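Notes follow once the structure below has been shown.
Numbering of residues begins at 1 and proceeds along the displayed sequence. Everything numeric here is computed off the predicted structure, so don't read it as measured data.
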Amino acid sequence: MFDVLIIGGGVSGVSCALVLGSAYKKAFAADKEIGLIAHQKTSSLQEALFNNAYGISPGTLGSDLLHTSLQSLSQLYPHVRQITGEKVLKIEGEYPNFRIHTNKEVYTSKNVVIAIGYSNTFAIEGLMQFVKPHPKAVAQKQRIYLENNDHKVADGIYVAGTLAGWRSQLSIAAGSGAAVATDILTLWNGGIDSQSHDSINK
């Protein structure tokens, strides 16, 4: 049983995982089971080149970022379990007992974060009732989003990045994933506002 399972190994998913993983020194997060399903075959990062993203060296390729971000997650926070080579097909159940079906396994989790792209090929059974036309994308592109209230789709189900209704910009997607992570940390902390920061003084 995961405490949170993140679906998507792109910008918003890894950003969420990094913030959650970094909170392991906090008593309320120390024993939490965190997982990330890093299915990336259709990631828009694979064709991206970054010159205008804060904190990213100009000229960085999205394909390299896909690899190095997961590598950094593994090195910094090895307790975050990375699941590769699987695609989520179905989510069933309700908070705090979801069953996530992939093409290979069935996982259980108390919370789920959906952090994949906003393509209209989205087809995760159990979430289709939340699919709506994307409010900020060009209509002709037929992008979609999961209807949500401040990233929360339903109790225990969160959405991040472009699929949350944000525009396709790396900085926005990263911030969206981090925002979801802090909401989950706040949940774990009994509703007391929580973040996770590193400091050279600690």
Filter on ring pair (Phe, Tyr, Trp, His ring centres under 6.0 Å), then keep only pairs touching residues 106-135, sequence neighbours left out; what's left?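 Those involving residues 106-135 are Y118-H134.
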Is the shortest side-chain heavy-atom distance between [X] and [Y] below 4.5 Å?
X	Y	value
L49	L61	yes
L127	I114	yes
V80	I6	no

Short side-chain to backbone donor-acceptor contact, K26 and S196, under 3.5 Å: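 Absent.
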In terms of heavy-atom contacts, does CZ of R99 have more than 12 from other residues, nucleotides or ligands at under 6.0 Å?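 Yes, because the 6.0 Å sphere around CZ of R99 holds more than 12 heavy atoms from other groups.
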If you draw a 6.0 Å radius around CD in Q129, do more than 12 non-hydrogen atoms from other residues or ligands fall strictly inside?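 Counting neighbours around CD of Q129, more than 12 heavy atoms of other residues, nucleotides or ligands fall under 6.0 Å, so yes.
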Can you list everything that forms a salt bridge (charged side-chain N to carboxylate O under 4.0 Å, His left out) with K32? Sequence neighbours excluded, please.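 Testing K32 for salt bridge (charged side-chain N to carboxylate O under 4.0 Å, His left out), a comparison that skips the adjacent residues, returns none.
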Rounded distance [0.5 Å steps], [atom1] in [X] versus [atom2] in [Y]:
X	Y	atom1	atom2	result
D3	S109	CG	OG	7.0 Å
T182	N189	OG1	CG	12.0 Å
L18	L76	CG	CG	7.0 Å

Restricting to non-hydrogen atoms, name the atom on S176 and the atom on A160 that form the minimum distance, rounded to 0.1 Å.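 Looking at all heavy atoms of both residues, the shortest contact is OG-CA, 3.5 Å.
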Could you give me the CA-CA distance, side-chain angles and deciding distance for N97 and M1, then say whether side-chain contact (heavy atoms from CB on, under 4.5 Å) is met? CA-CA 9 Å; N97 187 18; M1 169 69 79; 3.7 Å; yes
